[in-house]
2 protein chains.
Amino acid sequence: MAKRKVRNLLALALLGVLSERPMHPYEMASVLRERAKDTSMKIQWGSLYTVVQNLEKHEFVRATETTRQGGRPERTVYTITEAGRAELVDWLSELVERPQHEHNSFEAALSLVGHLTPDRAIELLRQRLWTLDADVDNITRSLRQMVEEFNFPRVFLIEAEYRLTMIRAEADYVRALLKEITEGSISGIEGWHAYHRDREAPKAEH
Amino acid sequence: MAKRKVRNLLALALLGVLSERPMHPYEMASVLRERAKDTSMKIQWGSLYTVVQNLEKHEFVRATETTRQGGRPERTVYTITEAGRAELVDWLSELVERPQHEHNSFEAALSLVGHLTPDRAIELLRQRLWTLDADVDNITRSLRQMVEEFNFPRVFLIEAEYRLTMIRAEADYVRALLKEITEGSISGIEGWHAYHRDREAPKAEH
DNA sequence: GTGCGTATACTCGCCTACGAATAATCATCG
DNA sequence: CGATGATTATTCGTAGGCGAGTATACGCAC
């Protein structure tokens, strides 16, 4: 499979909105912000305009109009091309079909957690768990509201349900891990304690 | 909290290995590759050298020696500084304490899956599920081997156990989603079907 | 002993991402 | 009616990320 000409995921979202109707970049951002209002994905302005330019360079979109409202900066309206629609479907298919090993910072942190003392790790994990549980509550509540109060069809909510599922799974994992560390039932824990005792001893000796 | 001077997660891993002993960049890469052999995180050479330079610029590491073996390129050995150790612990603490909303490509894809036909989506999700289940099997097996055959302490495996948990959760979610789509029990599905029927109709009409 | 594949070790330059800066207009509140 | 802040809309400079490329040395087969 040939490499994607434009790799930034923002480009996928842009192709998504442009497949509905032509827009100028700022409008694309507004639409995205509206749709994903809860996640409040902070729009990165630099990326937005760069990515649109890249999409144009590779002919996935085409500038079809420039208008001007009063004395405001000129607006360039972009339209998706056939190649753009094809790219959207193809890219989307690939992302759904193949799990990508995305590098997750918590996973990285866990692999290095030995550099913290066990006590400190417990403290931090408790804090994380608290936040995760709060997140789960919030998302659950807003999802319920969307469905029950506003009759929002669930097909439009699957990405939020997915997110909820994953956060809940992480919370459960952290809860179990905390239990094992505090109870000392995870193998190798004495080594972890010992490592940090040895490193502190010399200082205490002074 | 001030922004991190070096943001690339690779830097965290490098500080991790350097906290054990001084090394030259290529050696850091080898050690990382060895440790994370299963995830086979493809070492990105450009990033490696850039990141080490950045770490040096901000005085988290210091070049302490340059040696030469035969006619090979010169090797520069880097040593972690006190500031570097502090950064490692501080950064690590932050990553453990606060869940970051990392942007996941499957989540993005799900939010745009309406652009695929339901039938195609089902097909792709089945393929994904198959891969996820296979991944679960592989990780489970290698974890069991590590613990039972090699007596590897579990504290060194928590990141793998975490990953396993998350993949399993994703697999369960995809399984449930597939059931709901194929059975048509998810609200809004007629709209999804209708949308694609309408788009194909004109072509069929021709 | 010579040829070939692999391991060692790094450099270079392009492209991308990003966020601060700019700048005009609109809403609003006293 | 004039000041203040929010909204609309984009540009630009720069730091960072990455992958292809380079170059030597080592090991092993034949």
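In what follows, every chain begins at residue 1, and chains take the letters A, B, ... in the order their sequences are listed. Side chains are part of it too, since the values below use all heavy atoms of this structure and drop only hydrogens, waters and symmetry mates.
- Neither side chain, B:Tyr78 nor B:Glu65, offers a donor N or O lying under 3.5 Å from an acceptor on the other.
- Following rounding to the nearest Å, A:Lys5 (NZ) and C:dC15 (C1') show an atom-to-atom distance of 14 Å.
- With rounding to the nearest 0.5 Å, the separation of OG in B:Ser47 from CG in B:Leu9 is 11.5 Å.
- B:Arg75 has its CZ atom 17 Å from the P atom of D:dT24, to the nearest Å.
- Put simply, CD on B:Gln53 is 11 Å from C1' on C:dC12, counting in whole angstrom units.
- Partners of B:Glu123 according to the side chain to side chain donor-acceptor pair (under 3.5 Å) rule, which considers only residues two or more places apart in sequence or in another chain, are B:Arg120.
- For B:Gln100, the CD atom counts as densely surrounded, since its 6.0 Å shell holds more than 12 non-hydrogen atoms of other residues, nucleotides or ligands.
- Between A:Val17 and A:Met23 there is a side-chain heavy-atom pair separated by less than 4.5 Å.
- Summarising the geometry, the separation between NE2 on A:His103 and P on D:dC18 is reported as 11 Å, rounded to the nearest angstrom.
- Atoms NE2 and OG1, from B:His24 and B:Thr66 in turn, are 12.0 Å apart once rounded to the nearest 0.5 Å.
- At least one side-chain nitrogen or oxygen of A:Tyr49 sits closer than 4.0 Å to the OP1 or OP2 atom of D:dT10.
- Among the protein residues, A:Ser30 comes within range of no part of the nucleic acid, since none of its heavy atoms lies under 4.0 Å from any strand.
- Within residues 19-29 of chain B, the residues having any heavy atom closer than 4.0 Å to DNA chain C are, in order of number, B:His24, B:Pro25, B:Tyr26.
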Report, one pair per line, the protein and nucleotides 17-21 of chain C atoms (nitrogen or oxygen only) whose separation is under 3.5 Å.
{"residue": "C:dA17", "atom": "OP1", "partner": "A:Asn8", "partner atom": "ND2", "Å": "3.2"}
{"residue": "C:dC18", "atom": "OP2", "partner": "A:Ser47", "partner atom": "OG", "Å": "2.8"}
{"residue": "C:dC18", "atom": "N4", "partner": "A:Thr50", "partner atom": "OG1", "Å": "3.3"}
{"residue": "C:dG19", "atom": "OP2", "partner": "A:Gln44", "partner atom": "NE2", "Å": "3.3"}
{"residue": "C:dG19", "atom": "N7", "partner": "A:Gly46", "partner atom": "N", "Å": "2.9"}
{"residue": "C:dG19", "atom": "O6", "partner": "A:Gly46", "partner atom": "N", "Å": "3.3"}

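- Here CD1 of B:Ile139 is found 13.0 Å from CZ of B:Arg144. Values are rounded to the nearest 0.5 Å.
- No side-chain heavy atom of A:Leu12 sits less than 4.5 Å from a side-chain heavy atom of A:Val6.
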